[in-house]
Amino acid sequence: MHWSQMFVPTLREDPADAGAPSHRLLLRGGYIRQLMAGHYSLLPLAVRVRAKVIEIIRQEMNGIGAQEVLLPDMHPAEIWERSGRWEIMGEEMFRLTDRKGARLALAMTHEEIFAVLAAELNSHKQLPQAWYQFQTKFRDEPRPRAGLIRTREFTMKDSYTFDLDRVGLDAAFDRHYGAYVRIFERLGIPAIPVEASSGTMGGSDSTEFMCPSSSGEDLVVYCPACKYAANIEKATSRLADLADSPGPDAPERFGTPGVRTIEDLATGYDAAATRQIKTLIYVLDDQLTLVLMRGDHALNEQKLIDATGAAAVRPAQPDEIREALGALPGSLGAVGVGGLPILADRALDGRRDMVTGANVDDMHLRGVDVARDIAVGQWADLREVTAGEACPQCGEPLELIEAIEVGHIFKLGDRYSKVFGATVLGPDGKAVPLIMGSYGIGVERAMAAIVEGHHDERGIVWPLAVAPFTVVVTVAQSEDPEVAKAGAELYEQLAAAGFEVIIDDRAERAGVKFRDAELTGIPYRITVGKRGLAEGTVELTERATGETRKVAPDEVGAQLGELTGRA
RNA sequence: CGGGAUGUGGCGCAGCUUGGUUAGCGCGCCUGCUUUGGGAGCAGGAGGCCGCGAGUUCGAAUCUCGCCAUCCCGACCA
């Protein structure tokens with residue numbers, strides 16, 4: 001490839017709208033251009049990187065016996081209605097109508113469509129099956145951000161496994177887990193597997209692969225001591241035991257004029273936050289619900305969703321609250337409340353002599369015994385872990401790490417196979433629904449995650465495995481016929497030896513070419529110039545270290561081969 | 001959806017407060033000459049619905065209203 005003929009529109013200045021390093025560098029390096037929010041064009045260099053990422057994933061998928069397929073991106077509404085997700089997916093799903101008036105959806109994931117296909121499986125003898133594809137997903141994200149990190153249109157490698165039973169699913173899940181570890185290792189992404197919430201996917205168990213990065217949108221709770229790792233939507237911690245006094249025989253009401261916050265109550269009325277019950281009012285699928293937390297604890301909404309199975313969750317409006325409880329936030333409580341569901345965080349279990357709102361403005365109750373005074377309908381872990389709390393496994397202090405979710409694997413069970421009649425006859429002749437798993441990697445997001453972890457002040461530093469080219473031959477003086485000839489010969493020689501090589505033959509000054517080689521992140525640069533040729537050498541520079549060595553032109557292939565681990 | 005910010009040649013920006021030449025600067029682009037190993041110099045040149053639509057005015061990039069788009073924070077989000 002000749003740089004002079006390749007479309008690599010590098011930018012001299014940082015684009016104003018790009019914040020995250022990957023966004024900024026992919027724009028500047030001529031890899032991507034934005035069409036609109038959340039939609040990017042991939043330019044020639046990016047397409048080369050993407051192909052490498054895909055090939056690595058493909059090799060590992062094939063390595064665990066998965067078969068590549070390609071399913072449609074436009075789906076009939078009817079299929080999504082059958083699984084119930086036409087409704088559940090809400091505004092995140094792009095919908096359209098064809099000329100006949102038929103309602104269609106753009107694919108945001110493919111569980112339904114794969115399950116429909118899997119209905120053609122007949123016998124347990126055909127199992128296990130593992131199918132995968134690289135296909136575009138469309139999601140009407142409320143807020144796309146940070147270049148390729150969160151887009152509305154992206155390529156996903158998604159795979160789906162079909163097994164006869166749970167044991168088979170566990171094995172398929174483990175195989176994917178292993179493949180994912182190898183994939184991210186090969187991509188140069190330091191992914192941490194973490195326990196995760198399954199969200200609208202359903203299913204019993206899921207693991208996310210998280211790449212630590214300040215550009216990430218997720219928080220991982222991590223224990224440096226024992227390596228416990230969980231998404232904050234799922235993570236727990238060990239709490240110190242608190243000793244409560246028995247308190248009075250019944251709650252006592254007391255006036256708290258002007259008190260609106262936990263802090264007010266703690267400082268003004270000798271009620272430590274750990275001894276307060278915080279009463280949050282949520283609307284879960286149109287059902288007003290009381291959610292009780294310890295005063296110093298924060299609710300994690302995803303945990304609330306997971307605990308209740310609710311599809312739509314929002315905090316109640318003040319007028320809804322007043323109508324239901326007769327008071328405004330600041331004086332709410334669950335004592336004596338009937339007729340509304342009451343959910344309580346486990347940290348409140350067994351607590352006595354607590355303080356909470358009286359459901360009368362400016363009044364609170366003390367001496368509340370949770371078991372005695374509150375009709376808790378469901379106990380759940382709802383608390384959001386904070387940094388420094390004790391690890392649930394080993395008790396050491398936990399850390400919070402910002403991370404990009406680069407992969408997510410789910411044990412789905414039979415939710416979709418039942419709906420779509422994906423059953424096989426077992427050895428006993430009885431029909432059983434297939435047990436499914438689903439597994440996803442965001443391809444362009446993975447590219448962004450790689451850049452997040454592999455760049456410096458001069459630009460991208462691609463790991464060799466995904467670099468658009470292995471080596472660039474930089475002709476320092478293109479206008480000098482001898483130098484140009486030497487460069488061209490070296491280029492031909494390297495290409496013939498099988499290296500992915502590009503020659504920078506542009507009529508630019510050397511400095512421009514050096515800058516662009518560094519910005520675009522090509523791992524090796526061969527500089528061919530008058531200076532070196534006079535003494536019979538060219539220079540071989542490593543992008544990552546900046547280290548340069550002088551090499552005889554006909555030694556370059558061998559040296560590169562050594563550096564890149566090929567003959 | 002709430003809060004904040006920004007829309008002016010391909011990129012980065014100034015001009016707007018106080019309306020009034022032909023809308024300006026840097027980079028990039030084209031031509032020529034010179035230069036040539038870390039983003040060259042000089043000369044000449046091309047390129048603009050000043051986000052869109054109304055309004056105010058003799059006159060709007062500039063003032064008013066509405067809309068749209070993009071970015072950031074939050075909400076939200078496999």
For this session: Please measure how far the C1' atom in B/rA23 lies from the corresponding atom in B/rC65, and state the result in whole Å.
Result: 25 Å
For this session: By nearest nucleotide on RNA chain B, pick out whichever of A/D218 and A/Y40 is the more 5' one.
Result: A/Y40
Exercise. Is A/R525 paired with A/D504 through a side-chain N to carboxylate O contact shorter than 4.0 Å?
Worked result: no
Problem set entry | Base paired to B/rG10 (Watson-Crick or G-U; both N/O distances under 3.5 angstrom) | B/rC27
Exercise. Given B/rC11, B/rC71, B/rC73, which nucleotide is nearest the side-chain atoms of A/R143?
Worked result: B/rC73
For this session: Would you indicate what A/A476 reaches in the nucleic acid, counting non-hydrogen atoms under 4.0 angstrom: base, sugar-phosphate, or nothing?
Result: base
For this session: Please work out if A/M108 contacts a base, only the sugar-phosphate, or nothing of the nucleic acid, heavy-atom cut-off 4.0 Å.
Result: base
Exercise. Of the nucleotides B/rC77, B/rC76, B/rU36, which has the atom closest to the A/E92 side chain?
Worked result: B/rC77
Exercise. Looking only at side chains, do A/S214 and A/E402 share a donor and an acceptor under 3.5 Å apart?
Worked result: no
Seminar exercise, completed: Paired to B/rC65 by Watson-Crick or G-U wobble criteria (both distances under 3.5 Å) is B/rG53
Exercise. A/K137 has an atom NZ; how far is it from atom C1' of B/rC77, in whole Å?
Worked result: 17 Å
Seminar exercise, completed: Here the distance between atom P of B/rG28 and atom CZ of A/R515, to the nearest Å, is 13 Å
Problem set entry | Residue among A/R415, A/R85, A/R82 satisfying salt bridge (charged side-chain N to carboxylate O under 4.0 Å, His left out) with A/E112 | A/R85
Exercise. On a plain distance test, is the side chain of A/E13 in donor-acceptor contact with the base of B/rG26 below 3.5 Å?
Worked result: yes
Exercise. Paired with B/rU21: which nucleotide, if any, by Watson-Crick or G-U wobble criteria at under 3.5 Å for both distances?
Worked result: none
Exercise. How is A/M156 classified with respect to the nucleic acid when contacts are heavy atoms under 4.0 Å: base, sugar-phosphate, or nothing?
Worked result: base
Exercise. Does any N or O donor sit under 3.5 Å from an N or O acceptor when you compare the side chain of A/R145 with the base of B/rC71?
Worked result: no
For this session: Round to a whole Å and report the spacing from NZ of A/K530 to P of B/rG38.
Result: 12 Å
For this session: Check the distance between B/rG2's P and A/R314's CZ and give it to me in whole angstrom.
Result: 15 Å
For this session: For A/A146, answer base if it contacts any base atom (sugar-phosphate contacts may also be present), sugar-phosphate if it contacts only those atoms, and nothing otherwise; contact means non-hydrogen atoms under 4.0 Å.
Result: sugar-phosphate
Exercise. Counting side-chain heavy atoms from C-beta on, which of B/rG12, B/rU70, B/rG39 comes nearest to A/A37?
Worked result: B/rU70
Exercise. Base, sugar-phosphate, or nothing: which does A/E208 touch, judged by heavy atoms less than 4.0 Å apart?
Worked result: nothing
Problem set entry | Euclidean distance, atom CD of residue A/E217 to atom P of B/rC72 [Å, nearest integer] | 10 Å
Problem set entry | Complementary nucleotide for B/rC16 - Watson-Crick or wobble, under 3.5 Å | none
For this session: Report the base-pairing partner of B/rA5 (Watson-Crick or G-U wobble, both distances below 3.5 angstrom), or none.
Result: B/rU70
Exercise. Mapping A/Q34 and A/P142 to their closest nucleotides on RNA chain B, which lands nearer the 5' end?
Worked result: A/Q34
Exercise. Which part of the nucleic acid, if any, lies within contact of A/D516, taking any heavy atom under 4.0 Å across all strands shown: a base, the sugar-phosphate backbone alone, or nothing?
Worked result: base
For this session: Indicate whether any N or O donor in one side chain lies under 3.5 Å from an N or O acceptor in the other, for A/W80 and A/H75.
Result: yes
Problem set entry | Interatomic distance at P, B/rG26 relative to B/rA43, whole Å | 11 Å
Exercise. Is any side-chain N or O of A/R28 under 3.5 Å from a base N or O of B/rG28, one able to act as donor and the other as acceptor?
Worked result: no
Exercise. Do the charged groups of A/E384 and A/K303 touch, with an N to O distance under 4.0 Å?
Worked result: no
Exercise. Are A/E153 and A/K137 within salt-bridge range, i.e. N to O under 4.0 Å?
Worked result: no
Exercise. Which heavy atom in A/P553 sits nearest to a heavy atom in A/L490, and how many Å separate them?
Worked result: O-CD1, 3.6 Å
For this session: Write down the distance separating the C1' atoms in B/rG48 and B/rG24, rounded off to the nearest Å.
Result: 12 Å
Exercise. Taking the same atom, C1', in B/rC58 and in B/rG19, what whole-Å distance lies between them?
Worked result: 12 Å
Exercise. If you measure from the C1' atom in B/rA60 to the same atom in B/rG20, how many Å do you get, rounded?
Worked result: 10 Å
Exercise. Roughly how far apart, to the nearest Å, are B/rA46 and B/rU62 at atom C1'?
Worked result: 28 Å
Exercise. With a non-hydrogen cut-off below 4.0 angstrom, is A/S478 in contact with a base, only sugar-phosphate, or nothing?
Worked result: nothing
Exercise. How is A/G19 classified with respect to the nucleic acid when contacts are heavy atoms under 4.0 Å: base, sugar-phosphate, or nothing?
Worked result: nothing
Problem set entry | B/rC33 - base-pair partner by Watson-Crick or wobble geometry, distances under 3.5 Å | B/rG41
Problem set entry | Whole-angstrom distance between B/rG9 and B/rC25, as gauged at atom P | 15 Å
Problem set entry | B/rG3 versus B/rC13 - spacing of their P atoms, nearest Å | 26 Å
For this session: Let me know the distance between CZ of A/R24 and C1' of B/rC72, rounded to the nearest Å.
Result: 16 Å
Exercise. Rounded to the Å, how far apart are A/E508 CD and B/rG37 P?
Worked result: 14 Å
Problem set entry | Identified side-chain contact (heavy atoms from CB on, under 4.5 Å) counterpart of A/L382 within the set A/L280, A/T308, A/D306, A/L343 | A/L343
Exercise. Taking the side chain of A/T527 as heavy atoms from C-beta outward, which of B/rG37, B/rG39, B/rU70 is closest to it?
Worked result: B/rG37
Problem set entry | Whole angstrom value for the distance that separates P of B/rC76 from CD of A/E141 | 14 Å
Problem set entry | Minimum-distance pair of heavy atoms, taken over all atoms of A/E452 and A/A20 | OE2-CB, 3.7 Å
Exercise. Hey, does the side chain of A/R12 come within less than 4.0 Å of B/rC27's phosphate (OP1/OP2), counting only N and O?
Worked result: no
Problem set entry | Donor/acceptor link under 3.5 angstrom from A/R525 side chain onto base of B/rG38 | yes
